[in-house]
Amino acid sequence: MKSPERPKFREKPRETFEEERNIEKLRNFSEKTAERLREEVPVDNDCRIDMEAFRGIYSSENIEGNKQRIKEFEMKIFPGLTPEEIKKEKLKKKGEQLEILTNLIFNKLLGPEFICVRTSLYDDWRNKVDELILEKETGNVVCAFDEVGDIMGPRFEAKKQKILEKNIKGGAEIKYGLGMENGKLVLKSQENIPIFYLALLEKAIEKGVREFIPSFEEKSDYEKRIFNYFILT
């Protein structure tokens, strides 16, 4: 009698393991960055402005309504998945990786004079703004960013056109925003923020994630190159 054959398991390609490990590295350092940011500004573990901190500024009904709209939007894109599963699926997408990478690079290279945070999920979805940079000394929101993983093609051109139109009309609006008053951080809505788009090829995003150093002191040459590229563009 033949012994039953052992089931054959398909191993993941080495490249897949490497990619997953690098994404996990990025996610873990994002949580460490969030811990630092929380010394000054309320953010969640994704370095996003925490909508919960605005209770008292907006009514609970208003905030819960905004959260429900986000949930409905995400369920259309990721039907049948739990919030944790949705988060994992998002991390596989280059656009999400670019948002995290951008935030971490700005936090590392802009220094203590600026607060660099990702916007709330509501403002990301509703107002199409991914990142805010606030200058502490002046209290001004210097700029807002909308990242895209393309540098050419129809999607890129459409994004350029939308941002141009938004700036002509006065800039971006942020419901869950930040400001400085008398040297103290305040939570408030923002209007007329200049908005820019940051674009990288998928291969550049992959290399950026791969060569990112999870340290507040050390910066890889590629991190500096990405930062300089963003500044130039």
Side-chain angles (χ1 to χ4, degrees), residues 26-91 93 95-96 98-100 102-104 106-107 114-136 138-147 162-163 166 169-195:
L26 207 67
R27 188 187 67 80
N28 288 338
F29 194 71
S30 181
E31 291 185 2
K32 289 182 180 180
T33 303
E35 288 178 17
R36 278 199 169 193
L37 285 170
R38 276 194 285 270
E39 295 174 5
E40 298 182 277
V41 56
V43 294
D44 62 19
N45 282 340
D46 297 320
C47 298
R48 288 188 179 279
I49 294 174
D50 189 356
M51 294 167 62
E52 284 295 318
F54 286 75
R55 292 187 186 273
I57 298 172
Y58 304 123
S59 69
S60 293
E61 292 79 10
N62 188 288
I63 293 171
E64 291 303 324
N66 290 163
K67 286 185 173 183
Q68 183 60 31
R69 294 183 74 181
I70 295 165
K71 186 176 180 181
E72 291 169 358
F73 174 72
E74 289 186 333
M75 289 305 294
K76 286 181 182 178
I77 301 174
F78 304 101
L81 299 185
T82 65
E84 190 59 34
E85 288 170 337
I86 289 173
K87 193 170 182 177
K88 287 180 180 178
E89 286 301 310
K90 280 184 176 180
L91 279 169
K93 297 185 178 297
E96 182 75 5
L98 177 58
E99 284 189 35
I100 298 171
T102 301
N103 176 261
L104 298 182
F106 277 123
N107 268 293
F114 297 88
I115 293 175
C116 307
V117 292
R118 298 175 71 190
T119 60
S120 69
L121 279 172
Y122 178 80
D123 284 307
D124 193 338
W125 164 69
R126 179 68 177 81
N127 293 312
K128 309 301 180 189
V129 178
D130 299 330
E131 178 99 11
L132 285 180
I133 296 181
L134 180 141
E135 187 179 22
K136 294 180 188 178
T138 64
N140 294 327
V141 174
V142 179
C143 55
F145 294 110
D146 191 4
E147 290 100 345
K162 284 181 181 178
I163 288 176
K166 188 174 287 189
K169 291 177 182 178
E173 296 180 6
I174 301 292
K175 181 173 182 177
Y176 298 92
L178 306 171
M180 299 289 286
E181 292 180 3
N182 300 319
K184 294 184 178 180
L185 185 82
V186 293
L187 307 179
K188 63 178 184 178
S189 62
Q190 295 276 1
E191 294 181 344
N192 305 319
I193 304 170
I195 183 170

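Between R27 and I100, every side-chain heavy-atom pair lies at or beyond the 4.5 Å cut-off. Taking the side chain as every heavy atom from C-beta outward, E89 and E96 never approach each other to under 4.5 Å.
Note that CG of L91 is 12.5 Å distant from CD1 of I86, once rounded to the nearest 0.5 Å. Atom OG1 in T119 sits 6.5 Å away from atom CG in L132 (nearest 0.5 Å). Between the CD1 atom in I133 and the CD1 atom in I193 there is a gap of 11.5 Å [rounded to 0.5 Å].
In this pair, Y58 and F54 present their aromatic rings parallel. The plane angle is below 30°, not in the 30 to 60° band.
No donor-acceptor pair under 3.5 Å is formed between the side chain of D130 and the backbone N or O of R118. With hydrogens and angles ignored, the 3.5 Å screen pairs a side-chain donor or acceptor of D44 with a backbone N or O of D46. The main-chain N or O of L26 is never found under 3.5 Å from a side-chain atom of S30 such that the two would form a donor-acceptor pair. Checked by atom type and distance alone, the side chain of N140 never pairs as donor or acceptor with a backbone atom of E135 at under 3.5 Å.
More than 12 heavy atoms of other shown residues, nucleotides or ligands fall within 6.0 angstrom of atom NZ in K188.
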Hey, can you pull the donor-acceptor pairs under 3.5 Å for the side chains in residues 67-82, sequence neighbours left out?
unit_1 : atom_1 : unit_2 : atom_2 : d
K67    : NZ     : E52    : OE2    : 2.1
Q68    : NE2    : E72    : OE2    : 3.3
E74    : OE2    : K90    : NZ     : 2.5
T82    : OG1    : E85    : N      : 3.2
T82    : OG1    : E85    : OE1    : 3.3

Name every donor-acceptor pair, under 3.5 Å, that has one atom in a side chain of residues 173-187 and the other anywhere in the protein, sequence neighbours excluded.
unit_1 : atom_1 : unit_2 : atom_2 : d
K175   : NZ     : N62    : OD1    : 2.4
K175   : NZ     : N66    : OD1    : 2.8
Y176   : OH     : N66    : OD1    : 2.6

Please test V43 against D50 for side-chain contact (heavy atoms from CB on, under 4.5 Å), starting from the C-alpha separation and ending with a verdict.
-> CA-CA 5 Å; V43 294; D50 189 356; 5.6 Å; no
Carefully, step by step, assess K136 and I115 under the rule side-chain contact (heavy atoms from CB on, under 4.5 Å).
-> CA-CA 7 Å; K136 294 180 188 178; I115 293 175; 3.5 Å; yes
side-chain contact (heavy atoms from CB on, under 4.5 Å) between N103 and E131: does it pass, once the steps are laid out?
-> CA-CA 7 Å; N103 176 261; E131 178 99 11; 3.0 Å; yes
Begin with the C-alpha distance, continue with both residues' side-chain angles, and end with the deciding distance and a verdict on side-chain contact (heavy atoms from CB on, under 4.5 Å) for K128 and I195.
-> CA-CA 10 Å; K128 309 301 180 189; I195 183 170; 5.9 Å; no
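Of all the heavy atoms in C116 and N107, the pair that sits closest is O-ND2, 3.1 Å. Closest heavy-atom contact between M51 and S120: CG-CB, 3.6 Å.
Between R48 and E99, at least one side-chain nitrogen of the basic residue sits less than 4.0 Å from a carboxylate oxygen of the acidic one, meeting the salt-bridge criterion.
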